[in-house]
Amino acid sequence: MLKRTLACFALSSLILLVSCGRKEHESKYTVFKFNEMGDVTSLDPASARSFENEEIDNQLYNGLVSMDDSFKIRPCIAKSWEISPDGMVYTFHLRQDVYFHDDTIFQGSKGRKVIASDFVHSFFRLFDARVSDATTLLENVNRTYPGTFQGFYASNDSTFMIYMKKAYAPFLNILTMKYFSVIPIEAIDKFGQDFGEHPIGTGPFQLKRLEHGVKLILVRNEHYFEKDAQGNALPYIDGVVVTFLKDGETSFLQFLDGKLDMVSGIAAMNPKEVFTGNCQLRKEFKDKFFVQRTPFIKTDYLGFMIDTTRKNVQKNPLHIKAIRQAINYAINREEIVQYLRYGVGIPATSGFVPPFLPSSKNNKVTGYTYDPDKAHALMAAAGYPNGKNFPELILRVSNEWESLALAMQAQLQRIGIKLSVLREQPAVLAECVASGQCYFFKKSWVGDYPDGENFLSLFCSKNFSPEGVNYFHYSNPAFDELYDKAISERVDSLRYKDYKKLDEMVIEDAPVVPLYYDEVVRIINKRVSGLPINSLNMLDLRYVTKPPGE
């Protein structure tokens, strides 16, 4: 009882510290502080589609398995698992020392132990499109399997099973996503669709305050189940404070003043001020800060709507493959990365799938490089020599990509293509692309898990937008057939060879212009240590340390 009373006092003191800034508390507690320019819309893991939601969800929740920084699947709440020889039954054996966060929904306000039926209820929610963004990720679950609850089954408190319609090799990767976190049924019964405002999980931190667009406060979960290699309790720090300043310059100045511990992404920093080139800090900053940098599972691209069943597409020369290939050759990706991205990113001269994923490392795809002569030849072959009689194109971009769009405009002008740039609010552009009303657009795809299938799924005809993510309405029966074969193949080396063939089809048919594979870049105050970096750009604060009161 005394220990729990002291823990509650510590949490209350931390809230007082971060909300009032009282000096007598600052010397006692360690708080990691950063700014997020986007909004946290919900802390329900079923709605974890946005980066901002997922970033905080990773502090609040755990699932069956997790992904380490080298893309290996590791035990989490499931201490072990088996997959049946036919790949259609997954059996997970749960730890017995995992408890939900303390909350008044539980008897005595003390979090209860997680059991297998909690996963049944948590996963069942993901079928409901009203609360879940993950419905398509469960399309291979056999919801009619006898004796199960929609394909999920808890044979006892420590054994959870999933039944599949067919073998689906990437499924374990998918289960590492935050959608598949465990939550207590008591919280859903009490809060319903408002659970995202009252999150209760098992993670290293728990929510104490959320002021949308202003501030979010997390405090240490005193009962967290994971330990470090020496048996010490995690996490090390007492709490986390996230602010939501929308202006990158303002938040960056706060970082320079020591009010924030980290800035992440070049949009949140001033590259000209802090870097000499290629992410090297200027001399005046080296004593105070350090840089973290690693490839990011993200491909930025230009996309084409090529569905010729649409009348407007039939009139648009972008439905001609040679024109799309010409545009690919006309883009100088190295120039874009060097001058517009300040050296951040990898020119996308391979396939659409980032070349550093496990499936691509030994199966390199040859993509497009800058070759204006080939671009001119393809324009001529398509009936538009030097751009003669070629209609003006409209490239639709969100406001943040104006400088990139202007670079595209200049590069395409060199092969006789006139380009008009139409800037949109991000939400407007997203709706335009999803509804098929944009014929030439700038987007990016962030991988949810490190399997090439996650990127290749954009080109399956079954995933046509607006229901799916095939925004191009690319349709190739040979692609669809090989894709279905690949995702059922449990031998990685064979599946990866199929992935390469699929990526080569995409490059040949050119429904997209891959521009660059992004990188995760952070600048961190040297008072912070123990913060890992990974290609999923997943913030992991379990091992972070810093001096108290700073």
Side-chain angles (χ1 to χ4, degrees), residues 70-71 169-170 173 294-304 306 321-337 341 345-375 377-378 442-461 463 469-472 474-489 491-519 535-536:
S70 59
F71 300 144
N173 284 289
T294 196
F296 187 12
I297 304 180
K298 176 173 177 278
T299 300
D300 281 69
Y301 66 90
L302 306 179
F304 307 102
I306 59 174
K321 181 168 74 171
I323 296 296
R324 301 194 301 271
Q325 291 176 329
I327 292 174
N328 265 283
Y329 281 119
I331 300 302
N332 190 328
R333 295 159 176 83
E334 287 80 4
E335 189 176 89
I336 290 169
V337 169
R341 301 279 302 168
I346 304 165
T349 56
S350 186
F352 187 77
V353 180
F356 48 84
L357 287 188
S359 62
S360 304
K361 286 182 178 179
N362 298 317
N363 296 278
K364 186 174 175 57
V365 173
T366 300
Y368 293 95
T369 55
Y370 180 56
D371 193 332
D373 291 338
K374 282 188 178 179
L378 286 163
K442 161 68 178 70
K443 276 189 74 69
S444 59
W445 183 257
V446 180
D448 299 304
Y449 46 91
D451 191 280
E453 178 266 349
N454 191 219
F455 287 80
L456 296 168
S457 64
L458 272 71
F459 305 98
C460 290
S461 58
N463 291 334
V469 292
N470 186 342
Y471 306 117
F472 333 101
Y474 173 73
S475 181
N476 180 340
F479 182 97
D480 292 343
E481 182 178 358
L482 183 59
Y483 176 87
D484 287 339
K485 171 181 174 292
I487 62 175
S488 298
E489 176 57 66
V491 178
D492 288 347
S493 60
L494 298 178
R495 187 169 76 257
Y496 294 167
K497 288 181 180 179
D498 287 342
Y499 285 175
K500 179 183 179 182
K501 294 176 183 177
L502 291 166
D503 209 354
E504 288 172 337
M505 290 184 193
V506 172
I507 293 301
E508 168 64 24
D509 291 338
V512 294
V513 180
L515 296 174
Y516 56 86
Y517 317 111
D518 209 349
E519 292 183 287
S535 292
L536 290 170

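Treat the numbers as computed from the prediction; the structure is a model and nothing was measured.
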Report task. Given side-chain contact (heavy atoms from CB on, under 4.5 Å), test N328 with R333 step by step and report yes or no. Result -> CA-CA 10 Å; N328 265 283; R333 295 159 176 83; 3.0 Å; yes

Report task. Decide side-chain contact (heavy atoms from CB on, under 4.5 Å) for F479 and L456; before the verdict, give the C-alpha distance in whole Å, the side-chain angles of both, and the deciding distance to 0.1 Å. Result -> CA-CA 10 Å; F479 182 97; L456 296 168; 4.3 Å; yes

**Report entry** Test salt bridge (Lys or Arg N to Asp or Glu O under 4.0 Å) applied to R495 and D492, step by step
**Finding:** CA-CA 5 Å; R495 187 169 76 257; D492 288 347; 3.0 Å; yes

Query raised in the report: Given the rule in the side-chain hydrogen bond (donor to acceptor under 3.5 Å, both in side chains) test, do S457 and N463 qualify, once you have shown the distances and angles that lead to the verdict?
Result: CA-CA 7 Å; S457 64; N463 291 334; 4.7 Å; no

Query raised in the report: Checking side-chain contact (heavy atoms from CB on, under 4.5 Å) for the pair F459/N476: CA distance, chi angles, key distance, verdict?
Result: CA-CA 8 Å; F459 305 98; N476 180 340; over 6 Å; no

Query raised in the report: So F304 and F472, side-chain contact (heavy atoms from CB on, under 4.5 Å) or not? Walk me through it.
Result: CA-CA 6 Å; F304 307 102; F472 333 101; 5.9 Å; no

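Put simply, the side chain of F356 reaches to within 4.5 Å of the side chain of I297, judged on heavy atoms. Within the 4.5 Å cutoff, the side chain of C460 has no heavy atoms near those of the N470 side chain.
Here Y516 contributes atom OH and I331 contributes atom CD1; the two are 12.5 Å apart, rounded to the nearest 0.5 Å. Once rounded to the nearest 0.5 Å, the distance linking CG of D451 with CD1 of I487 reads 10.0 Å. A distance of 14.5 Å separates OH of Y329 from CG of N332, quoted to the nearest 0.5 Å. Rounding to the nearest 0.5 Å gives a distance of 9.0 Å between CG of N363 and CD of E504. Note that the CD1 atom of I346 and the CD atom of E334 stand 12.0 Å from one another [nearest 0.5 Å].
Annotation for N454 and G447: closest pair OD1-CA, 3.0 Å, computed over non-hydrogen atoms. Here the closest non-hydrogen pair linking S444 and K298 is OG-CE, 3.7 Å. The two residues S360 and V353 make their nearest non-hydrogen contact at OG-CG1, 3.4 Å. Residues E489 and A169 come closest through the heavy atom pair O-CB, 3.4 Å. Here the shortest heavy-atom pairing between Y474 and M505 reads OH-O, 3.9 Å. Annotation for Y370 and A330: closest pair CE1-O, 3.4 Å, computed over non-hydrogen atoms.
Looking at W445, its side chain never comes within 3.5 Å of a backbone N or O of Y301 through a donor-acceptor pair. Checked by atom type and distance alone, the side chain of Y517 pairs as donor or acceptor with a backbone atom of S350 at under 3.5 Å. With T349 contributing its side chain and T369 its backbone, the two residues share no donor-acceptor pair below 3.5 Å. No donor-acceptor pair under 3.5 Å is formed between the side chain of D509 and the backbone N or O of P511.
The environment of K497 atom NZ is sparse: at most 12 non-hydrogen atoms of other residues, nucleotides or ligands sit within 6.0 angstrom.
Aromatic ring orientation, Y496 versus Y499: tilted (interplanar angle from 30° to 60°).
Just one of K442, R341, K443 meets the side-chain hydrogen bond (donor to acceptor under 3.5 Å, both in side chains) condition when paired with D300; it is K442.
Ion pairing between D503 and K500 fails under the 4.0 Å rule for side-chain N and carboxylate O.
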